[in-house]
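Here is the structure we will look at.
Hydrogens, waters and symmetry mates play no part in the numbers below; they use all other heavy atoms, side chains included.
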Amino acid sequence: MMLKKYALVGTGGRAEFFYGPLAQKYRETSQLVAFCDINQTRMNYANRLLQDKYGSEPVPTYRADEFDRMIAETKPDIVIVTSVDRTHHTYIIRAMELGCDVITEKPMTVDEEKCQQIIDAVKRTGRDLRVTFNYRYAPHNTKIRELIRDGVIGEVFSVHFEWLLNTKHGADYFRRWHRDKRNSGGLLVHKSTHHFDLVNFWLGTHPETVYALGGLRFYGRENAENRGVTQFYQRAYGSEIARHDPFALDLEKNSHLKSLYLDAEHEDGYQRDQSVFGDGINIEDTLGVMVSYKNKAILTYSLNAYLPWEGFNIVFNGSKGRLEVKVVERPYVNSGGKKSEEGALKHKSVTVHPMFAEPYQVAIEEREGGHGGGDPILLNDLFGTPEPDPFNRAASHIDGAVSILTGIAGNQSLRTGQPVNLDRLIKF
């Protein structure tokens, strides 16, 4: 069997999700050939994990400005992009221009201009681009798609979707590079791309018009001052004040985070443990969005990043009844524990309320792994032998674009106070 060769760009918190399975479970069909990053210390640590944790040989490392040389020397078939969101388009487009297919972490990119550049590059090069929406593969989310597809509640007219980020995971976006909207597009793009993609996937349609409201209401220095906080710090490392802050992240207490970030920051200055009540935060933590779809369905959506528990409530109202879903996820800090703990479930329930019959619970398959059991299925779909999938969960660049466009339009609406028509943003 011909080995597929992979190069990975961006060896931060999300990278091991891909290179670990490549180096171990899928080594019979896949070969990791290179790492690329702006930070040599971080690449060296990834190579140590390859050896010590996965029993694999280290791979050549290339700095970001050596990307073309990496492609020429290691000749990957596929480039995996797990860098900072605002740089995704750079590596996606260049990899395709150099003859490679691409797998990119979500979001595909952060604004409509970069999105158009990616769409144009796919047309120009004819290369394949996949976006890793692991939530599609979670058994409960697949079951929702099946119930709607099979007409259990008839035609869906409206959806109410509430996503809760808690004080562990939600706060983490305000410690990291995500706190600057230029890097992440804000939570409407970086995080909500998952949720908007799920609605597109569930309903089998595309969004048309978006209107959004929101702001930074809990995190940030000004909000803390308004609540009476008087002591502040810039970062947790070395701060006595941080020792008494339940929102502080102690990098020295976690050997993985220490090796990945604290030991590497002398190269690029990136601080992983910034105060969530510091200055310089320009993303929202409180968001409400309304979306109309091409099939005339409407969505009301909310995202809050400082709540006591993590997960979501969602209801679908249809011509034959109502579908109610509640999912509670285990709280986590990105790369602060096992990959299987990210988005792992504590509770899930799916209830159908027929219009003229008694409600009933829907049985959901139990699967191990992160993101509700979706991660192992996604990885097998990417690197293993994919099984026939009647739900078409593999996400293309079109799926990636449509999901982020809802958030991008939401950001435009936040700025202008006006609804935004998505057809005006990019041309497919």
Exercise. Could you give the distance from CD1 (Ile80) to CZ (Phe383), rounded to the nearest 0.5 Å?
Worked result: 4.0 Å
Exercise. At what distance, to the nearest 0.5 angstrom, does CG of Leu382 lie from CD1 of Ile377?
Worked result: 12.0 Å
For this session: Decide yes or no for Leu307 and Thr167: does some side-chain heavy atom of the first lie under 4.5 Å from some side-chain heavy atom of the second?
Result: no
Exercise. Would the Trp163 and Tyr135 ring centres measure less than 6.0 Å apart?
Worked result: yes
Problem set entry | Ion pair Glu310/Lys346, N-O distance below 4.0 Å | no
Exercise. Going by atom types alone, do Gln274 and Arg179 pair a side-chain donor with an acceptor below 3.5 Å?
Worked result: yes
Exercise. Taking Asp197 for the side chain and Gly400 for the main chain, is one N or O donor matched with an acceptor at less than 3.5 Å?
Worked result: no
Exercise. Step by step, would you call Thr82 with Glu105 a side chain to side chain donor-acceptor pair (under 3.5 Å)?
Worked result: CA-CA 6 Å; Thr82 56; Glu105 184 54 77; over 6 Å; no
Exercise. In terms of side-chain geometry, is the basic nitrogen of Arg272 or Asp172 positioned less than 4.0 Å from the acidic oxygen of its partner?
Worked result: yes
Exercise. Does Thr300 use its side chain to pair, donor to acceptor, with the backbone of Met290 at less than 3.5 Å?
Worked result: no
Exercise. With side chains defined as the heavy atoms from C-beta onward, is the minimum distance between Asn223 and Leu216 less than 4.5 Å?
Worked result: yes
For this session: Decide yes or no for Ile71 and Val79: does some side-chain heavy atom of the first lie under 4.5 Å from some side-chain heavy atom of the second?
Result: yes
For this session: Output yes when Asp101 and Arg127 qualify as a salt bridge under the 4.0 Å nitrogen-oxygen rule, no when they do not.
Result: yes
Problem set entry | Note, Asp399 side chain near Val131 side chain (heavy atom, < 4.5 Å) | no
Problem set entry | Glu358 atom CD, over 12 foreign heavy atoms within 6.0 Å | no
Exercise. Is the shortest distance from a Lys or Arg side-chain nitrogen in Arg393 or Asp381 to a carboxylate oxygen in the other one below 4.0 Å?
Worked result: no
Exercise. Are any of the side-chain nitrogens in Lys326 or Glu324 under 4.0 Å away from the carboxylate oxygens of its partner?
Worked result: no
Exercise. Looking only at atom types and distance, does a side-chain atom of Asn183 sit under 3.5 Å from a main-chain N or O of His178, one as donor and one as acceptor?
Worked result: no
Problem set entry | Candidates Leu303, Thr406, Ile314 - the one meeting side-chain contact (heavy atoms from CB on, under 4.5 Å) with His195 | Leu303
Exercise. Is there a side-chain contact between Val102 and Met108, using heavy atoms and a 4.5 Å cut-off?
Worked result: no
Exercise. Any cation-pi pair here, Arg14 with Phe17, using under 6.0 Å and within 45°?
Worked result: yes
Exercise. Gln234 side chain to Gly278 main-chain N or O, any donor-acceptor pair under 3.5 Å?
Worked result: no
Problem set entry | Asn304 side chain to Tyr306 backbone, donor-acceptor under 3.5 Å | no
Exercise. Is the Phe35-Tyr19 ring centre distance short of 6.0 angstrom?
Worked result: yes
Exercise. Which distance, rounded to the nearest 0.5 Å, do you find between the CD of Glu16 and the CG of Leu260?
Worked result: 8.5 Å
Exercise. Donor-acceptor pair, Tyr211 side chain versus Leu414 backbone, under 3.5 Å?
Worked result: no
Exercise. Could you walk me through whether Gln271 and Arg175 pass the side chain to side chain contact (heavy atoms under 4.5 Å, CB included) check?
Worked result: CA-CA 8 Å; Gln271 297 175 345; Arg175 301 185 186 107; over 6 Å; no
Problem set entry | Asp285 side chain vs Phe218 backbone, donor-acceptor pair below 3.5 Å | yes
Exercise. Is there a side-chain contact between Ile283 and Asp180 (heavy atoms, below 4.5 Å)?
Worked result: no
For this session: Mark yes when over 12 heavy atoms from residues, nucleotides or ligands other than Lys123 sit less than 6.0 Å from its NZ; otherwise mark no.
Result: yes
Exercise. In Å and rounded to the nearest 0.5 Å, what is the CZ to OG1 distance from Phe18 to Thr11?
Worked result: 13.5 Å
Problem set entry | Test log, rule side chain to side chain contact (heavy atoms under 4.5 Å, CB included), inputs Ile119 and Phe428 | CA-CA 7 Å; Ile119 297 292; Phe428 287 104; 3.9 Å; yes
Exercise. Counting N and O atoms only, with roles assigned by atom type, does the side chain of Thr74 sit under 3.5 Å from a partner on the main chain of Met70, one being a donor and the other an acceptor?
Worked result: yes
Seminar exercise, completed: Which of Leu323, Leu147, Val156, Ile144 passes side-chain contact (heavy atoms from CB on, under 4.5 Å) with Trp202? Answer is Ile144
For this session: Could you give me the CA-CA distance, side-chain angles and deciding distance for Tyr293 and His206, then say whether ring pair (Phe, Tyr, Trp, His ring centres under 6.0 Å) is met?
Result: CA-CA 6 Å; Tyr293 291 84; His206 284 180; 9.2 Å; no
Exercise. Is it true that Phe196 and Tyr301 have ring centroids separated by less than 6.0 Å?
Worked result: yes
For this session: List in chain and number order the residues that pass side chain to side chain contact (heavy atoms under 4.5 Å, CB included) with Ala409, two or more places apart in sequence or in another chain; answer none if no residue qualifies.
Result: Val210, Val420, Leu422, Leu425
For this session: Please examine the side chains of Val325 and Asn313, heavy atoms only from C-beta on, and report whether any two atoms are closer than 4.5 Å.
Result: no
Exercise. Could you go step by step and tell me if Val59 and Val33 meet the side chain to side chain contact (heavy atoms under 4.5 Å, CB included) rule?
Worked result: CA-CA 6 Å; Val59 299; Val33 297; 5.9 Å; no
Seminar exercise, completed: Value for OH (Tyr62) from CG (Asp68), rounded to nearest 0.5 Å, stands at 12.0 Å
Exercise. Is the backbone of Lys5 close enough, under 3.5 Å, to the side chain of Asp77 for a donor and an acceptor to pair up by distance?
Worked result: yes
Exercise. Quick one: are the ring centres of His256 and Tyr45 less than 6.0 Å apart?
Worked result: yes
Exercise. Between Asp37 and Arg42, is there a donor-acceptor pair closer than 3.5 Å when you use the side chain of the first and the backbone of the second?
Worked result: no
Problem set entry | Distance flag, aromatic centroids of Phe277 and Phe174, threshold under 6.0 Å | no
Exercise. Can you tell if the side chain of Leu187 reaches within under 4.5 Å of the side chain of Tyr173, non-hydrogen atoms only?
Worked result: yes
For this session: Supply the atom-to-atom distance Leu378 CG to Arg136 CZ, rounded to the nearest 0.5 angstrom.
Result: 10.5 Å
For this session: From the options Lys114, Lys106, His190, select the one residue that forms a side-chain hydrogen bond (donor to acceptor under 3.5 Å, both in side chains) with Asp85.
Result: His190
Problem set entry | Salt-bridge contact Glu155-Lys320 (side-chain N to carboxylate O under 4.0 Å) | no
For this session: State whether a side-chain donor-acceptor pair under 3.5 Å links Asn226 with Glu222.
Result: no
For this session: Inspect the contact between Arg227 and Glu225 and indicate whether a charged nitrogen and a carboxylate oxygen are less than 4.0 angstrom apart.
Result: no
Exercise. What heavy-atom pair brings Ile118 and Leu129 nearest, and what distance separates the two atoms?
Worked result: CG2-CD2, 3.5 Å
Seminar exercise, completed: With Lys348 as partner, the option from Glu329, Glu366, Glu365 fulfilling salt bridge (Lys or Arg N to Asp or Glu O under 4.0 Å) is Glu366
Problem set entry | Any side-chain donor near an acceptor of the partner, Ser302 and Glu162, under 3.5 Å | no
Exercise. When you check the gap from the basic side-chain N to the acidic O, do Asp423 and Lys294 get nearer than 4.0 Å?
Worked result: yes
